[in-house]
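See below for the structure under consideration.
Naming convention: chains lettered A, B, ... in sequence-line order (proteins, then strands); numbering from 1 in each chain. Everything quoted here is computed from the prediction, not taken from an experiment.
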Amino acid sequence: MSEDTQATEDPDGDPLVRTDVSAGLDDGSSGTASGETVVRAEDVSVWYGEEQALSDVTMSVPENSVTAIIGPSGCGKSTFLRCINRMNDRIDGASVDGDLYLRGKNVYDDDVDPVALRRRVGMVFQKPNPFPKSVYDNVAYGLNIQDVEGDHDAIVEESLKRAALWDEVEDRLDESGLELSGGQQQRLCIARAIAVDPEIILMDEPASALDPVATSQIEDLIEELAEDYTVLIVTHNMQQAARISDRTAVFLTGGELVEYDDTDTIFENPAHQRVEDYITGKFG
Amino acid sequence: MGGTDEAAGFGRVGRTKERAFRALLLASTLAGIVALGGLLVYVGWQAFNLQAASTSWFALVGGVGLAPAVVAAALLRRRGHSVAVGLESLVTLFGGGMLAGGAGIFFVVVDPVAWFATALAAGLTVGATVAVNRYTGLPAWPRVGFAAVVTWLALLGVPGTVPSLAGVVGGLSVLPSDVVIYALSLALPASAAVGALVAARTDDRRRGLRAGALGAVATVAIGVAVGLVTGVGPAGGLLVAVFGLLPAGVHAWATVEREDVSAGGLALPVVVSAGVAAAWYLHGALDLAGPNPWVDWTFLTALPSTFAPRTAGIFPAIVGSLLLMIVVVVFAFPVGVGAAVYLEEYAPDSRTTRFIQLNISNLAGVPSVVYGLLGLAIFIHQFAMPSGSVLVGGLALGLLILPIVIISAREAIRSVPDAAREASYGMGATRWQTVRNVVLPQAIPGILTGTILALGRAIGETAPLLMIAAPATYLGVPQGFTAPAAAMPLQIYDLAFLPDDAFREGFVPAGVVTLLAVLLTMNGVAIVLRNRYERGN
């Protein structure tokens with residue numbers, strides 16, 4: 001029932017093609033995807049044991065934009081997010097069916113190393129989870145474990161600036177990341193994610209544990225990030241999705257993607273009655 | 001909801017059962033405390049031979065020795081200072097003193113020159129390895145190979161052709177004295193560690209450098225002074241300074257630096273020391289009839305005897321217990337922590353894993369005599385290790401506490417929040433990187449606490465040592481790790497059966513008090529460690 005509203009493969013993203021695309025993962029099969037689609041899911045289904053969490057999801061995430069996934073609790077939106085960097089591998093009994101392409105390479109191919117995959121996919125979690133290390137070491141974590149060459153001091157500074165945190169922590173780089181406020185911690189986690197220059201940043205309800213001021217800071221930040229990065233954000237806050245995203249996918253109970261379109265269309269003129277009911281609060 | 005009902009109140013709920021239950025719980029708690037306390041008081045009374053003391057002596061000890069400490073604690077609490085800080089520093093002082101004693105005993109068995117040669121070789125090896133890691137772009141495997149080769153050459157050499165670095169140093173004709181050896185191999189690294197700690201805490205390299213330099217100079221100066229004043233000699237005094245005073249100084253500094261707790265509690269150890277010193281002085285000056293304690297310097301330093309209870313000592317058994325603990329730590333800590341990390345971080349949640357985990361829990365409850373039998377069968381019969389030796393005893397005790405170490409280490413690892421692992425894996429870290437950078441740093445305080453408590457269990461064990469034929473009474477200081485040695489509990493057990501009542505009524509309680517003092521100090525250190533790290537620093 002959702003196929004008719006599926007996005008065309010090339011949505012209205014800006015036509016910038018990143019030049020640093022994919023060394024390790026691409027194996028030549030990228031011809032199927034245009035340079036502007038970062039993630040493409042085809043009939044992705046997920047089971048946790050006997051229970052199906054996601055059923056036949058097909059969607060594409062365009063480059064340098066914010067794509068939001070909304071839906072009620074338990075609709076599989078986080079599950080979908082965690083499929084992209086294969087964090088679901090860590091859950092015993094989780095199994096994935098279907099094809100999920102990152103820059104044209106199926107991440108569930110046998111030759112894909114999930115660790116190598118995660119180095120190209122940034123992730124920001126629901127609860128801010130900085131390491132009990134200094135602010136500097138938090139941002140430099142990815143650089144250290146991935147043996148990134150170059151001037152780490154400069155990369156850390158640049159990442160913190162991009163995460164709109166530099167002014168607040170400039171003099172506190174050696175303090176523990178846990179001493180920052182909740183909103184600062186979450187921006188620190190975003191700085192940590194972008195320090196290694198990922199292909200896409202996955203955000204799993206990044207503002208749901210924050211107060212309204214911190215939330216609006218994070219939202220501003222996400223919109224700015226979309227100029228250089230591709231952001232896929234899960235949220236249960238519909239206003240948030242309406243405010244910051246370019247495109248919105250609505251997942252409903254049973255783990256199915258019901259509608260996926262430009263955000264304006266979803267919120268003003270949805271094609272499905274169920275989506276309209278959900279948006280207007282008749283069903284949640 | 002008529003207006004008349006409101007006046008009737010809410011009625012009462014019967015609480016007879018609750019009161020009875022509460023009284024029962026209180027009674028059982030008191031019974032336990034009274035039984036244990038009575039035992040401790042009896043043993044202490046016997047060990048210190050307190051019936052010989054006059055009433056005025058008790059008054060002196062109570063009035064001058066103890067009362068100021070109690071008053072000081074009460075005052076501190078009223079002023080809002082933390083008494084816990086004072087207790088922590090007391091434990092630090094006490095633990096440090098015990099560690100210094102342990103180090104002194106260690107150097108009775110191990111030649112300081114051999115130690116110096118090994119320490120120097122190890123230090124140079126670490127330095128060379130770090131330099132290679134930092135200044136050459138070699139990949140991982142050649143670096144590991146380099147480190148292995150350097151370590152091998154430095155410590156072992158190639159027999160017959162290339163002498164080891166340790167051997168070369170040990171064979172030099174001009175050898176540094178013990179004081180110089182301790183200063184170079186103990187005081188200097190300890191001060192460097194203090195400097196690094198200060199630099200990390202204050203984020204001020206120069207301050208760290210100053211603290212390190214000051215620490216080194218002060219440690220050596222104070223150590224030599226203490227040694228000369230107390231008569232244990234400069235070398236012994238240096239050990240006291242490095243292991244006893246330096247950690248106490250660092251603890252005091254860290255407490256002053258802390259913002260959440262006032263440092264007033266640091267007055268407590270000062271008051272306690274002053275009270276004890278004053279009581280000691282007055283006791284001598286007033287010539288009061290004091291107790292005639294069994295636990296005295298002779299007891300701690302003399303050889304055991306089966307016919308002269310008053311001059312008999314427990315020194316060889318203390319040495320034996322210390323050497324045993326070294327073997328136990330070296331064996332059980334890496335193996336136990338390794339197993340715990342594997343089970344928590346790597347092993348799949350399968351039926352086999354659960355079976356293994358269940359059986360580790362079961363092994364923690366197996367009687368200790370079974371481990372002795374195991375040690376006898378494996379180490380002595382199978383591998384033909386010398387029976388009764390420190391090595392075999394330590395391995396048997398290590399096996400005994402291995403399940404406990406594994407279980408407590410697993411608890412510590414499991415308490416690391418999964419969000420931290422998710423963050424690490426999400427950044428593309430491998431399991432090894434996650435374990436090293438995220439899991440272990442957060443789990444290590446808990447792991448250390450559990451290991452220290454497990455060591456406490458091992459140091460009090462008798463049965464495994466009996467099974468591997470460790471000598472109960474060994475009339476001489478053990479000569480090394482392959483030599484036979486007695487242990488404290490075994491020594492106490494053995495001398496309890498001599499016909500002379502004095503052994504039962506004096507020597508045995510004195511041994512028990514010594515053992516308990518060691519145990520309680522170890523537990524105290526474990527508690528301090530846990531408290532410090534639970535606060536997150």
Should the pair A/R119-A/D113 be classified as a salt bridge under the 4.0 Å nitrogen-to-oxygen rule?
no

Identify which part of B/E422 has an atom lying under 4.5 Å from any heavy atom of chain A, answering side chain, backbone, both or neither.
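Answer is both: backbone and side chain atoms of B/E422 are under 4.5 Å from chain A.
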
Pick out which of A/E224, A/E63, A/R162 makes a side chain to side chain donor-acceptor pair (under 3.5 Å) with A/Y229.
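Single pass found, and it is A/R162.
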
Can a donor-acceptor pair be found between the side chains of B/S350 and B/T353 at a distance below 3.5 Å?
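Yes, a side-chain donor-acceptor pair sits under 3.5 Å.
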
Under 3.5 Å, is there a donor-acceptor pair linking the side chains of A/Y108 and A/D97?
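No, because no side-chain N or O of A/Y108 sits under 3.5 Å from a partner of the opposite role on A/D97.
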
The interface call for A/V124 against chain B, heavy-atom contacts under 4.5 Å, is neither

With only heavy atoms counted, which part of A/V115 is less than 4.5 Å from chain B, the side chain, the backbone, both or neither?
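Both parts, backbone and side chain.
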
For B/R205, does the CZ atom have more than 12 heavy-atom neighbours from other residues, nucleotides or ligands under 6.0 Å away?
no

Apply salt bridge (charged side-chain N to carboxylate O under 4.0 Å, His left out) to the pair B/E257 and B/R207, showing each step before the final yes or no.
CA-CA 14 Å; B/E257 287 281 304; B/R207 201 168 158 193; 3.4 Å; yes

Option that, when pairs with chain B are counted at under 4.5 Å, heavy atom only, ranks first among A/M87, A/K127, A/R90:
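Max contact count across the listed options: A/R90.
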
When heavy-atom pairs shorter than 4.5 Å are enumerated against chain B, which of A/I145, A/N144, A/N129 gives the highest number?
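Greatest number of close heavy-atom pairs with chain B: A/I145.
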
Residues in residues 168-181 of chain A that sit under 4.5 Å from chain B, counting heavy atoms only:
A/D174

